[in-house]
Amino acid sequence: MEDNNANKEILENSSNEENVLNEIKNNDISYENVENTSNEDASMEDVSNVTESFKDNSMLLERYQFYKSQIGNDSRAVVSVVNKKTVTMFIVFMMLCIVIFVSCMVIDFRNPEQYELSAIGDSSALDTYKEDVNNNSTNFDSSTNNGILIEQYQTPERDDSTYMNDDGTYTVSGVAKYASDSIIAIYVSTDGLNLNGMGSGIVFSDEGYVLTNAHVIEDANYIIGILQDETQINLSFVGMNSELDIAVLQSDNKDIPVATMGDSDSVILGEDVVAIGNPAGLTGTVTKGIVSSINRSYITSDDVERTYIQTDTAISPGNSGGALLNMYGQVIGITTLKISEDQTYEGLGFAICINDALECAEELIENRFKIGITFNLQNNEIEIKEIDSSCSIANTQLKKGDIITQINGQDVTDYSTVMSALEGSKPGDSVTAKVQRRSNDGLTNEFYIEFQLMPYNY
């Protein structure tokens, strides 16, 4: 009874395990050793060893052991079990929330503007979606790769509003759509076999007239054009002005869409512009920029000063003769050159003002002339093949098989040198030519002829 009363006193004064342990520590008993003795699985040998080591404190040790035997009935053990269950339930709840969230994220929101929100339980939106997918099964591609489903959808069909801004201007896509077909690629050759150069051209008349730069075709004996759909067209020479770097050609295809001509005097500094051309042979290339300067005076490599529209639009070899357009789709310039010394400069492109180009083109068309001959190119010589009897040159000593070596004092060896010698001429002008005639015995006779240029449509 006396021991039971002592144990009861200890339990009352030590309301928790921490107080008991502190009391043990105050009596110089190792907590570690005491813990070992409280283990239900500890051997009797271990308990006896501890008891032997702390025999001076046996009463206190017995009290601690009694307290530990009552721990199974302690409410804190119940609390511990409750806490574990609560944590487990919380984790499961959070995992369910994550699964629901991820499921919502993978819902197919393709073209959400096509489907109105429907009330809960209304399947009309789902039926509309399924019907759209079935009717447009060719508009997307589904494939699997290692179990991953990949779906690709075509962009919704665009209408005119896609290409137009609210202020009446085109978007870049709109300019490209409505102007590109009027811009052609130009390829030139001296022998008809090998490519010697390329550029771009603008169809500006329903009669098939094409604007380009003179430097694009100045060495050409053969000129062809390529449309956006890769259709090849033949181009004939009309005239050129090397000083202004403008040339006019004419296509044998009169069905090519005609570009809309703008007013370069109305160009605004900083306005958006688009360039379309054939850089590096890449027909129909579209680039975008702004007007960097108006009426920019610049001296070219051939020491000629001209006035240009300056732009930061990307211009590359092959763009020459192409179009610089405003956002109304109107041609305001002919892209001509860029400054790129040692690749130091970027964004310095220049276009001839369309007002100047059209004035020159009209003059070239009006003054278009013909000599009245056709010829073969043999060993850099112009050998006469045919003579037009309606032209002035038919009244000279010239005969088939003769060779023209000079025109107006300039040596001529091919078509381009003939056109260069006659540049700036007009119908009615007198021309002097030097001619060689070779006999069968190898003798060569030289003489001069004089004739008049005839109107092209004479």
Side-chain angles (χ1 to χ4, degrees), residues 184 186 188 199 201-223 225 233-252 254 256 258-259 261 264 302 304-307 320-321 331 333-334 336 352-375 382 386-396 398 404 406-412 414-433 449-458:
I184 68 172
I186 296 176
V188 299
I202 307 166
V203 179
F204 69 101
S205 166
D206 56 9
E207 295 181 3
Y209 287 115
V210 177
L211 263 177
T212 189
N213 287 130
H215 72 261
V216 172
I217 54 95
E218 62 185 354
D219 295 324
N221 294 318
Y222 302 90
I223 308 173
I233 58 175
N234 294 319
L235 297 171
S236 58
F237 179 84
V238 175
M240 69 179 182
N241 185 324
S242 297
E243 184 176 353
L244 295 178
D245 200 8
I246 293 296
V248 176
L249 308 173
Q250 188 172 26
S251 168
D252 59 356
K254 304 300 190 294
I256 306 173
V258 177
M261 297 293 108
S264 54
D302 54 1
V304 177
E305 184 175 2
R306 303 188 184 100
T307 300
S320 294
V331 179
I334 300 177
T336 301
I352 297 174
C353 299
I354 194 61
N355 290 9
D356 296 337
L358 289 176
E359 182 180 353
C360 178
E362 290 173 359
E363 182 178 349
L364 292 173
I365 294 172
E366 182 181 351
N367 293 329
R368 189 178 187 183
F369 58 82
K370 63 180 179 180
I371 301 174
I373 60 173
T374 58
F375 53 85
I382 298 175
E386 298 288 343
I387 301 175
D388 188 344
S389 60
S390 65
C391 295
S392 172
I393 198 171
N395 300 322
T396 67
L398 189 68
I404 296 178
Q406 287 185 354
I407 292 179
N408 289 340
Q410 295 185 30
D411 292 340
V412 291
D414 53 23
Y415 186 85
S416 63
T417 55
V418 171
M419 292 299 100
S420 178
L422 294 174
E423 183 178 345
S425 300
K426 58 184 181 297
D429 287 351
S430 294
V431 177
T432 300
I449 60 173
E450 186 173 346
F451 58 94
Q452 290 181 330
L453 298 176
M454 306 300 292
Y456 181 78
N457 294 321
Y458 179 76

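More than 12 heavy atoms of other residues, nucleotides or ligands shown are found within 6.0 angstrom of CD on Glu450. Within 6.0 Å of CD in Gln452 there are more than 12 heavy atoms belonging to other residues, nucleotides or ligands.
How far CD of Gln406 is from OG1 of Thr417: 11.5 Å, rounded to the nearest 0.5 Å. Taking CG of Asn408 as the start and CD of Glu423 as the end, the distance is 12.5 Å to the nearest 0.5 Å. The structure places CD1 of Ile393 at 6.5 Å from CD1 of Ile371, a figure rounded to the nearest 0.5 Å. To the nearest 0.5 Å, atom CG of residue Leu364 and atom CG of residue Leu244 are 8.5 Å apart. Taken to the nearest 0.5 Å, the OG1 atom of Thr396 stands 6.5 Å off from the CD1 atom of Ile387. Distance check: Ile404 CD1 to Ile373 CD1 gives 4.0 Å after rounding to the nearest 0.5 Å.
Between the side chain of Asn234 and the main chain of Asp252, no donor-acceptor pair closer than 3.5 Å is present. Without hydrogens or angle criteria, Arg368 side chain to Pro427 main chain gives no donor-acceptor distance under 3.5 Å. No donor-acceptor distance shorter than 3.5 angstrom exists from the side chain of Ser242 to the backbone of Met240, with no hydrogens or angles considered. In this structure, Asp245 contributes its side chain and Asn213 its backbone to no donor-acceptor pair below 3.5 Å.
Across all non-hydrogen atoms, the minimal contact from Ser416 to Asn221 is N-OD1, 3.3 Å. In terms of heavy-atom proximity, Ala421 sits nearest to Ile407 at CB-O, 3.9 Å. Nearest heavy-atom pair, Ala259 versus Ile202, reported as atom, atom and distance to 0.1 Å: CB-CG2, 3.8 Å. Across every non-hydrogen atom of Phe204 and Leu358, the tightest pair is CD1-CD2, 4.0 Å. Heavy atoms only, all atoms of each residue included: Gln250 and Glu207 are closest at NE2-O, 3.0 Å. The nearest pair of heavy atoms linking Ser251 to Ile256 is OG-CD1, 3.8 Å.
Applying the side-chain contact (heavy atoms from CB on, under 4.5 Å) rule to Glu218 yields the partners His215; only residues at least two apart in sequence or on another chain are considered.
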What do the steps show when you test Val331 against Leu211 for side-chain contact (heavy atoms from CB on, under 4.5 Å), and what is the final call?
CA-CA 11 Å; Val331 179; Leu211 263 177; over 6 Å; no
Might you work through the side-chain contact (heavy atoms from CB on, under 4.5 Å) test for Tyr415 and Phe375, ending with a clear yes or no?
CA-CA 9 Å; Tyr415 186 85; Phe375 53 85; 3.9 Å; yes
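Each salt bridge (Lys or Arg N to Asp or Glu O under 4.0 Å) pair with one or both residues in residues 386-396, not counting sequence neighbours, appears once here: Lys370-Asp388, Glu386-Lys400.
Taking 4.5 Å as the limit, some side-chain heavy atom of Leu422 sits within range of a side-chain heavy atom of Phe369.
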